[in-house]
Number of protein chains: 2
Amino acid sequence: MTTGLRESKRLALRNSLSLTTVLLARERGLSNVRVVDIVNRVGVSRRTFGNYFSSKEDAIADRHVSRTQAAADALSIRPASEPIWTAVTHVILEPYKTESKHTSPSQSERDELLQILSDPEMQSAVDRGARAATATLGAAIARRIGVSTTTDPRPCLVANAALSTLLTTLEHWLGLEEPQPLLSQLSESFRQLGAGLDHTL
Amino acid sequence: MTTGLRESKRLALRNSLSLTTVLLARERGLSNVRVVDIVNRVGVSRRTFGNYFSSKEDAIADRHVSRTQAAADALSIRPASEPIWTAVTHVILEPYKTESKHTSPSQSERDELLQILSDPEMQSAVDRGARAATATLGAAIARRIGVSTTTDPRPCLVANAALSTLLTTLEHWLGLEEPQPLLSQLSESFRQLGAGLDHTL
DNA sequence: GCGCAATATTGCCTGATAGGCAATATTATT
DNA sequence: AATAATATTGCCTATCAGGCAATATTGCGC
């Protein structure tokens with residue numbers, strides 16, 4: 001019983017709150033965003049915000065978790081013959097593949113990430129999301145390779161390696177003087193780690 | 001001019017504040033620790049605490065950064081012939097080697113880590129420290145292999161892989177039913193990633 | 001040794017946040 | 001349509017971050 005007006009409204013509101021938080025944070029920086037600003041724009045009470053997220057950082061982190069959840073879900077539809085690191089690489093890099101079609105490497109996307117990752121408060125938020133996301137992805141990996149995360153540390157190690165590689169590479173890419181294609185940077189990073197990871201599992 | 005009574009007192013106070021924060025957090029859990037409690041035990045004003053750390057989480061994260069700083073410093077005295085991942089593994093695992101001498105795998109150490117890592121607020125603090133620590137270690141790695149962190153993403157990737165592997169393995173180890181030797185778990189995790197990393201650099 | 005300059009500590013104050021609790025409103029079920 | 005279940009809201013309190021200015025402490029040149 002996951003359907004129903006109740007549940008869908010809940011989800012929509014949750015999404016609206018977190019999206020609005022990101023938008024405002026991009027406009028002025030997260031530290032210049034009050035919770036009141038968020039709820040005013042969305043049209044709910046300050047207290048309702050607290051029913052969904054305990055802080056604006058949480059609201060942002062939630063988006064990262066959702067994205068990773070999608071990647072984790074996508075893991076189940078990769079061919080079973082694929083080595084785990086290859087499969088993980090594919091589902092993680094998937095969202096970044098579309099943008100390589102444009103000649104310009106998505107300046108707005110770059111700006112968005114820059115805004116988000118350059119703010120220390122944001123980084124904390126991202127890290128918080130990353131922790132939850134690692135658990136999610138780790139569970140999906142464990143399911144795929146048929147082990148338990150409680151007895152086998154490898155699924156979480158792989159999940160962690162993947163997500164932290166993603167973040168690290170994104171941050172490095174943002175710091176580059178002249179823009180390089182993001183996808184190739186990501187591919188290269190994942191390939192380098194994978195040279196060992198595909199081989200240990 | 002790093003010496004002087006002034007600087008050493010500063011350092012001592014900083015250390016005392018952060019240590020006291022950890023101790024109190026172990027006693028009652030971080031969320032039950034007020035900044036007032038910390039400063040009362042140390043004997044300074046609440047406002048002074050704010051001159052050193054912006055939050056109790058920061059005070060804890062600082063310890064992780066210090067430990068990593070020590071590891072990063074130790075990197076320069078590893079033989080130059082050592083592959084980078086081997087060297088990093090050594091300096092990171094060094095503190096955990098001594099405890100393997102005892103027959104008991106350091107129950108108190110386990111309890112301490114358990115207390116710290118099981119609290120979500122603590123996890124945030126640790127993650128915050130990890131970010132700073134990654135930059136520190138990344139710089140040390142870059143220095144060692146003679147590249148710049150701005151042009152070459154690999155030093156930060158390696159640093160990040162090392163620190164996040166450390167954290168992930170620690171957390172997994174804490175979740176084990178029957179205690180296993182920590183050092184061997186860590187070694188195994190690092191070995192698995194290293195099988196690829198030593199080879200890509 | 002001594003006094004001046006630099007720096008650290010402290011108190012006060014403001015704006016902001018997390019979360020418990022109870023009242024109210026909205027949705028689901030029969 | 002009535003009732004049960006759940007969501008929203010307002011109120012309230014404890015807590016926190018950080019600017020600012022006054023005060024105390026340390027370091028240095030004389």
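Here is how names work: the chains are called A, B, and so on, in the same order as the sequence lines, proteins then strands, and each is numbered from 1.
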Novice: Would you say that Leu30(B) contacts Leu24(B) through its side chain, given a criterion of any heavy-atom pair below 4.5 Å between the two side chains?
Specialist: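 Heavy-atom side-chain distance check fails, nothing below 4.5 Å.
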Novice: Return the minimal non-hydrogen interatomic distance between Ala25(B) and Ile60(B), and the atom names on each side.
Specialist: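 Here Ala25(B) and Ile60(B) meet closest at CB-CD1, 4.3 Å.
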Novice: Arg47(B) side chain: which of dA18(C), dT9(D), dC20(D) is closest?
Specialist: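 In terms of side-chain proximity for Arg47(B), the closest of dA18(C), dT9(D), dC20(D) is dC20(D).
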Novice: Could you give the CZ-to-C1' distance, from Phe49(B) to dC12(C), as a whole number of Å?
Specialist: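 For the pair Phe49(B) CZ and dC12(C) C1', the rounded distance is 19 Å.
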Novice: To the nearest Å, give me how far apart CD (Glu57(A)) and P (dC16(D)) are.
Specialist: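 It is 16 Å, rounded to the nearest whole Å.
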Novice: Between P on dT8(D) and CZ on Arg14(A), what's the gap in Å once rounded to a whole number?
Specialist: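 My rounded result for the distance is 12 Å.
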Novice: Between Gly43(A) and Val33(B), which residue's closest nucleotide on DNA chain D lies nearer the 5′ terminus?
Specialist: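 The residue closer to the strand's 5' end, by nearest nucleotide, is Gly43(A).
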Novice: May I ask you to say whether Glu171(A) pairs ionically with Arg131(B), meaning some side-chain N is under 4.0 Å from a carboxylate O?
Specialist: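 Result for this pair is yes, salt bridge flagged.
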Novice: Let me spell it out: for each of Tyr52(B) and Phe53(A), pick the nucleotide of DNA chain C with the closest heavy atom. Which residue's pick is nearer the 5' end?
Specialist: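 The residue mapped nearer the 5' terminus is Tyr52(B).
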Novice: Go through the structure and list residues passing salt bridge (charged side-chain N to carboxylate O under 4.0 Å, His left out) with Arg41(A), not counting sequence neighbours.
Specialist: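 Once residues adjacent in sequence are excluded, the partners of Arg41(A) under the salt bridge (charged side-chain N to carboxylate O under 4.0 Å, His left out) criterion are Glu27(A).
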Novice: If I take atom CD1 in residue Ile38(B) and atom C1' in nucleotide dC16(D), what distance separates them, rounded to the nearest angstrom?
Specialist: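 Rounded to whole Å, this separation is 12 Å.
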Novice: Could you state the CZ-P distance from Arg10(B) to dA6(C), rounded to the nearest angstrom?
Specialist: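 Atom CZ in Arg10(B) sits about 17 Å away from atom P in dA6(C).
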Novice: Just checking Val35(A): base, sugar-phosphate only, or nothing, at a heavy-atom cut-off of under 4.0 Å?
Specialist: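 Sugar-phosphate: the residue Val35(A), judged by heavy atoms under 4.0 Å, touches backbone atoms but no base.
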Novice: Any side-chain N or O of Thr48(B) below 4.0 angstrom from OP1/OP2 of dT10(C)?
Specialist: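 Yes, such a contact exists.
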Novice: Using whole Å, report how far CG of Leu13(B) lies from P of dT26(D).
Specialist: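 In whole Å, dT26(D) P lies 12 Å from Leu13(B) CG.
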Novice: Below the 4.0 Å mark, does dT26(D) have OP1 or OP2 next to a side-chain nitrogen or oxygen of Lys9(B)?
Specialist: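 Looking at the OP1 and OP2 atoms of dT26(D), one of them is under 4.0 Å from a side-chain N or O of Lys9(B).
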Novice: The side chain of Arg6(A) is closest to which nucleotide in this list: dG10(D), dT27(C), dC16(D)?
Specialist: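 Nearest to the side chain of Arg6(A) among the choices is dT27(C).
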Novice: Rounded to the nearest angstrom, tell me the gap between atom CG in Asn51(A) and atom P in dA22(C).
Specialist: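 Between P of dA22(C) and CG of Asn51(A): 16 Å.
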Novice: Of all the nucleotides listed (dT27(C), dC16(D), dA18(C)), which has the minimum atom distance to the side chain of Arg46(A)?
Specialist: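 Side chain of Arg46(A) sits closest to dA18(C).
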Novice: Any Lys/Arg nitrogen of Glu7(B) or Arg10(B) sitting under 4.0 Å from an Asp/Glu carboxylate oxygen of the other?
Specialist: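 Answer for the salt bridge query: no.
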Novice: At under 4.0 Å between heavy atoms, what does Val36(B) touch on the DNA or RNA strands: base, sugar-phosphate, or nothing?
Specialist: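 If one applies the 4.0 Å heavy-atom cut-off, Val36(B) turns out to touch nothing in the nucleic acid.
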Novice: Could you check how far CG of Asn32(B) sits from P of dA18(C), rounded to whole Å?
Specialist: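 From Asn32(B) CG to dA18(C) P: 18 Å.
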